[in-house]
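A short worksheet on the structure shown next.
Residue numbers count from 1 along this sequence. Quantities reported herein were computed from a predicted structural model and do not represent experimental measurements. Worth knowing before you read on, the calculation uses all heavy atoms, side chains too, and leaves out hydrogens, waters and symmetry mates.
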Amino acid sequence: MGVPDYIRQMRKHIGHDLLWLPSVSAVVRNEAGELLLGKRSDDGRWSVVSGFVEPGEQPATAVVREVQEETGLDVEPIRLASVVSHPHHYPNGDRCEYLNLGFHCRLVGGTARVNDDESEAVEWFAPDRLPDLDAHARLVLAHALDGTDAAWYLPAGAVWNDGNAH
């Protein structure tokens, strides 16, 4: 799907200035225990499947939709694993601050494939053979797979600094 129309409209007014946006990320494992990653078409980096929460959409619905749109897979969110605000600068100069909800998801069905223009590739990776990932993707993966029931978040007063609380 790419950038939703409402964000394109806002960008017409504010250009590359900072936007505060709700987003979701999905951590999905297959039966072999491999992790699903997508290679982003905007910066060429591997990452967890992520996307915007649309106006009026619940985050759990958004994570299911994003995984389906980007990979062709059907998933079910089983746990909210992380909540974190983090900045992102796009190659075109756009600046965003994302409020990201990271979900651990159960694979329901489908075959992983590039399903839209947001990804150059979609692949399963063994946890000990992950490609280079940014701090946010590493954080989402770590907390989805940490074996706890509670969602992780930065403590009050902490500031994002590549995933480290300061």
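A 4.5 Å side-chain heavy-atom check between Leu141 and Leu130 finds at least one atom pair inside the cut-off. Inter-residue side-chain proximity for Tyr90 and Asp43 is flagged as unmet; no heavy-atom pair is nearer than 4.5 Å. At least one side-chain heavy atom of Leu139 sits under 4.5 Å from a side-chain heavy atom of Trp152. No side-chain heavy atom of Ser119 sits under 4.5 Å from any side-chain heavy atom of Lys39. With a 4.5 Å cut-off on side-chain heavy atoms, Val49 and Val28 do not count as touching. Within the 4.5 Å cutoff, the side chain of Trp20 has no heavy atoms near those of the Cys96 side chain. Put simply, the side chain of Asp94 reaches to within 4.5 Å of the side chain of Arg11, judged on heavy atoms. Residues Val27 and His143 have side chains not in contact (no heavy-atom distance under 4.5 Å, counting atoms from C-beta outward).
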(message) For Asp132 and Arg45: C-alpha separation, side-chain torsions, deciding distance, then whether salt bridge (charged side-chain N to carboxylate O under 4.0 Å, His left out) applies.
(response) CA-CA 8 Å; Asp132 182 40; Arg45 296 205 56 176; 3.2 Å; yes

(request) Evaluate the side chain to side chain contact (heavy atoms under 4.5 Å, CB included) criterion for residues Cys105 and Val63: first the C-alpha distance (whole Å), next the side-chain angles of each, then the deciding distance (0.1 Å), finally the verdict. (result) CA-CA 9 Å; Cys105 297; Val63 79; 4.2 Å; yes

(message) Is there a side chain to side chain contact (heavy atoms under 4.5 Å, CB included) between Glu70 and Val122? Walk through the geometry before answering.
(response) CA-CA 8 Å; Glu70 293 184 26; Val122 175; 5.9 Å; no

(request) Quick one: do Asp146 and Arg79 satisfy salt bridge (charged side-chain N to carboxylate O under 4.0 Å, His left out)? Show the steps, please. (result) CA-CA 12 Å; Asp146 68 7; Arg79 182 172 77 86; 3.4 Å; yes

(request) Mind running side chain to side chain contact (heavy atoms under 4.5 Å, CB included) on Val140 and Val84 for me, showing each step along the way? (result) CA-CA 9 Å; Val140 171; Val84 67; 5.7 Å; no

(request) Determine, step by step, whether Val67 and Glu69 satisfy the side chain to side chain contact (heavy atoms under 4.5 Å, CB included) criterion, reporting the C-alpha distance in whole Å, the side-chain angles of both residues, the deciding distance to 0.1 Å, and the verdict. (result) CA-CA 6 Å; Val67 173; Glu69 285 178 359; over 6 Å; no

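By the 6.0 Å contact criterion, CG on Asn92 is enclosed, its count of non-hydrogen atoms from other residues, nucleotides or ligands being greater than 12.
Contact detail for Tyr6 and Pro55: the closest heavy-atom pair is CE2-CD, 3.3 Å. Across all their heavy atoms, Trp160 and His136 have their closest contact at CH2-CA, 3.8 Å. Across every non-hydrogen atom of Ala121 and Val114, the tightest pair is CA-CG2, 3.5 Å. Across all their heavy atoms, Ser47 and Arg40 have their closest contact at CB-CD, 4.0 Å. Between Val48 and Ala26, the shortest heavy-atom contact is CB-O, 3.6 Å. When every heavy atom of Arg29 is checked against every heavy atom of Pro127, the shortest pair comes out as NH2-CG, 3.6 Å.
Separating the CD atom in Glu66 from the CD atom in Gln68 is a distance of 11.0 Å, to the nearest 0.5 Å. To the nearest 0.5 Å, atoms OG (Ser25) and OH (Tyr98) are separated by 10.0 Å. Going from atom CD of Glu54 over to atom CD1 of Ile7 covers 7.5 Å, rounded to the nearest 0.5 Å. To the nearest 0.5 angstrom, Leu37 atom CG is 6.5 Å from Leu35 atom CG. Distance check, rounded to the nearest 0.5 Å: CH2 of Trp124 to CG of Leu73 gives 5.5 Å.
One side chain, Glu97 or Ser85, offers a donor N or O that lies under 3.5 Å from an acceptor on the other. Inspection of the His86 and Asn100 side chains reveals no N or O donor paired with an N or O acceptor under 3.5 Å.
Arg95 contributes no side-chain N or O that, together with a main-chain N or O of Asp17, makes up a donor-acceptor pair within less than 3.5 Å. With Arg65 contributing its side chain and Glu57 its backbone, the two residues share no donor-acceptor pair below 3.5 Å.
A single hydrophobic cluster is not seen to contain both Val24 and Val108; linkage of ILVMFWY side chains at heavy-atom distances under 4.5 Å, directly or through other members, places them apart. If you chain together hydrophobic residues whose side chains sit under 4.5 Å apart, Leu36 and Leu133 never meet in one group. Residue Leu19 is grouped with residue Val3 when hydrophobic side chains (ILVMFWY) are merged at heavy-atom distances under 4.5 angstrom, including chains of intermediate members.
The distance between the ring centers of Trp46 and Phe125 falls below 6.0 angstrom.
Checked for salt-bridge contact, Arg129 and Glu34 miss the test: no charged N lies under 4.0 Å from a carboxylate O.
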